[in-house]
Amino acid sequence: MTNTFTADVVVCGAGAAGLALAIDLARRGVSFRLIDKAGTPFGGSRGKGIQPRTLEVFEDFGIVDRIAAVGGRYPTQREYRPDGTHADKAMFADAVASSDEPYRVPLMAMQGRTEQVMRERLAELGRHPEYGCELKAFTQDAEGITASVVGDGGEQIIRARYLVGADGGRSFVRHALGTGFPGKTLGVRAVVADLTLSGLDRAIWHRFNDGDMARQMALCPLAKTDLFQLQAPIPAEGNPDLSVTGLQTFVTARAPAGFDIVVHHVSWASDYVMNARLADTYRTGRVFLVGDAAHIHPPTGGQGLNTSVQDAYNLGWKLAAVLAGAPDALLDTYEEERRPIAAAMLGLSTGLLEAAKRGDMRRGREVQQLDLAYPTSSLACEAPERRGGVLAGDRAPDAPLTGAGGQPVRLFELLKGPHWTLIGYEADRTAQAPRQGLRIHATGPRGDLTDTHGHFRDTYGLKQGNWVLVRPDGYIGAIVSAEHTGDLEGYLRQVGVGREA
């Protein structure tokens with residue numbers, strides 16, 4: 001077998017998960033091929049909710065404002081009652097951005113437009129997806145994978161170090177591996193469609209017949225478009241007519257008397273059966289599963305695209321580190337950390353589906369993903385052990401600081417990029433040796449920062465001489481006291497951060 005590698009990584013599937021991984025690999029200088037068997041990018045709404053934690057990821061990628069520009073706030077929901085009256089309810093409670101959580105409310109953005117922004121960012125990094133390029137077969141050995149792909153130019157053989165299946169719920173990669181995908185069908189079939197229509201106020205998310213699974217229907221105006229997204233349960237049997245005529249008949253039948261809703265155009269439509277399934281394993285040798293290839297679930301709660309992006313965000317820096325010489329065991333922490341998150345997400349979205357059947361569409365902090373953490377991860381280090389507050393494995397909160405030059409700076413600005421970040425509280429910055437891939441900061445007289453109004457200290461629960469090590473994906477890797485800074489040496493070797501010459 002030849003070991004002439006044409007790429008470090010082959011990413012199969014150019015949806016949100018594959019694009020997130022490609023962006024992360026591209027900014028780290030990792031060579032890859034991003035392929036997708038579809039002839040053109042997906043342009044529909046399917047996943048339209050961007051949770052606050054994912055907005056933080058998109059800030060790191062440099063695209064959060066672009067995503068916000070193609071999206072907007074969720075509209076108020078209007079529930080129409082059988083007696084002809086209605087009630088207006090906010091889907092999310094208003095929450096004001098804080099110093100530690102700059103994004104507190106989910107954003108609505110069509111999945112097709114979110115992915116378009118991601119492709120634009122990838123192009124800025126000099127890379128592009130290859131559409132109409134299908135993975136037909138692959139094998140792996142101790143050194144890498146060999147993949148057969150077919151595109152416009154015929155069959156190609158690609159030799160790479162790793163393969164990542166980001167190819168959706170019917171994943172070819174998962175099937176080829178023979179990886180189990182246990183779970184259950186949830187007994188709900190639904191239609192989702194993007195429609196141009198008239199007869200409804202675009203400032204309102206219209207909900208009809210809540211609690212009646214035979215007649216329930218929602219029409220939500222999609223931000224920054226002239227479209228409404230139709231969502232509705234449908235019978236388990238039969239083939240729905242998803243044409244303009246068919247969906248006009250469907251909408252008319254479910255709308256109350258007195259409504260004159262006219263469907264003018266269908267830009268995208270699909271029907272699907274809701275499942276909750278989780279792959280038995282996320283890693284098989286040199287092959288990994290991310291996104292819907294690893295977990296599928298009902299759309300309630302807007303967790304899918306977000307969990308998929310964060311799968312990729314977790315895996316990207318670990319692949320880059322191992323390719324640069326870090327121990328291979330680092331890649332095992334991808335499944336260790338992300339599979340329990342997906343298991344919990346399946347439970348959450350399934351519970352929210354049951355509530356939705358009863359007409360309850362309210363959403364709280366549980367969907368925002370700000371509290372997801374890796375407290376039991378082998379990459380979480382505390383010395384000494386902490387008893388409260390922010391812990392190793394938690395999401396690293398933001399905080400306002402002031403640079404030594406007098407300018408305000410957010411902690412997130414220091415974290416932004418593919419590097420590790422080490423910050424000392426009231427510590428001597430020069431006490432830590434420079435290392436490739438690590439940026440070192442400190443507050444206090446011997447540091448380059450001032451802890452403005454004590455936000456950093458209070459948010460992280462720090463004492464003088466404490467050091468906080470933040471991973472490239474914005475989670476806390478280690479918190480150590482001044483007496484335990486020696487523990488950082490072994491930790492940094494474990495994750496492939498070496499001392500500079």
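Counting non-hydrogen atoms of neighbouring residues, nucleotides and ligands closer than 6.0 angstrom, the CZ atom of R410 exceeds 12 such neighbours. More than 12 heavy atoms of other residues, nucleotides or ligands lie within 6.0 Å of CG in D201, so this atom counts as buried by the packing criterion.
Note on ring orientation: taking the six-membered ring where Trp is involved, the planes of F208 and H206 are parallel (angle under 30°, cut-offs 30° and 60°). By the 30° and 60° cut-offs, the orientation of the rings of H295 relative to Y282 is tilted. Using cut-offs of 30° and 60° on the angle between ring planes, the pair F172 and F138 is perpendicular.
Under the 4.0 Å criterion applied to side-chain N and carboxylate O atoms, K416 and E413 are not assigned as salt-bridge partners. Using a cut-off of 4.0 Å between Lys/Arg side-chain N and Asp/Glu carboxylate O, E237 and R189 are scored as not salt-bridged. Residues R81 and D83 are not paired through a salt bridge, judged by the lack of any N-O separation under 4.0 Å between the basic side chain and the carboxylate. Between K48 and D194, no side-chain nitrogen of the basic residue sits less than 4.0 Å from a carboxylate oxygen of the acidic one, so the salt-bridge criterion is not met.
Side-chain contact check for F181 versus H175: every heavy-atom pair is 4.5 Å or farther apart.
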| query | For D88 and T76, what are the C-alpha separation, side-chain angles and deciding distance, and is it a side chain to side chain donor-acceptor pair (under 3.5 Å)? | reply | CA-CA 6 Å; D88 290 351; T76 297; over 6 Å; no
| said: Pair K37, C133 - check side chain to side chain contact (heavy atoms under 4.5 Å, CB included), show working. | reply: CA-CA 5 Å; K37 69 178 181 180; C133 188; over 6 Å; no
| said: Apply salt bridge (charged side-chain N to carboxylate O under 4.0 Å, His left out) to residues R395 and D473 and explain how you reach the verdict. | reply: CA-CA 9 Å; R395 161 194 166 274; D473 57 357; over 6 Å; no
| task | Please assess L34 against R127 for the test side chain to side chain contact (heavy atoms under 4.5 Å, CB included), listing each intermediate value before the final yes or no. | result | CA-CA 9 Å; L34 174 61; R127 306 305 303 271; over 6 Å; no
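Nearest heavy-atom pair across A223 and G71 is CB-C, 3.7 Å. Across every non-hydrogen atom of D24 and G316, the tightest pair is OD2-CA, 3.7 Å. Heavy-atom minimum distance, V390 versus T459: CG2-O, 3.1 Å. Heavy-atom minimum distance, V244 versus V263: CG1-O, 3.5 Å.
Here P472 pairs with R28, W317, W420 under the side chain to side chain contact (heavy atoms under 4.5 Å, CB included) rule; sequence neighbours left out.
A side-chain contact (heavy atoms from CB on, under 4.5 Å) with L242 is found for one member of V191, V266, V192, L230 and no other, namely V191. Paired with Y374 under the rule side chain to side chain donor-acceptor pair (under 3.5 Å), one option of E336, R338, E337 passes, and it is R338.
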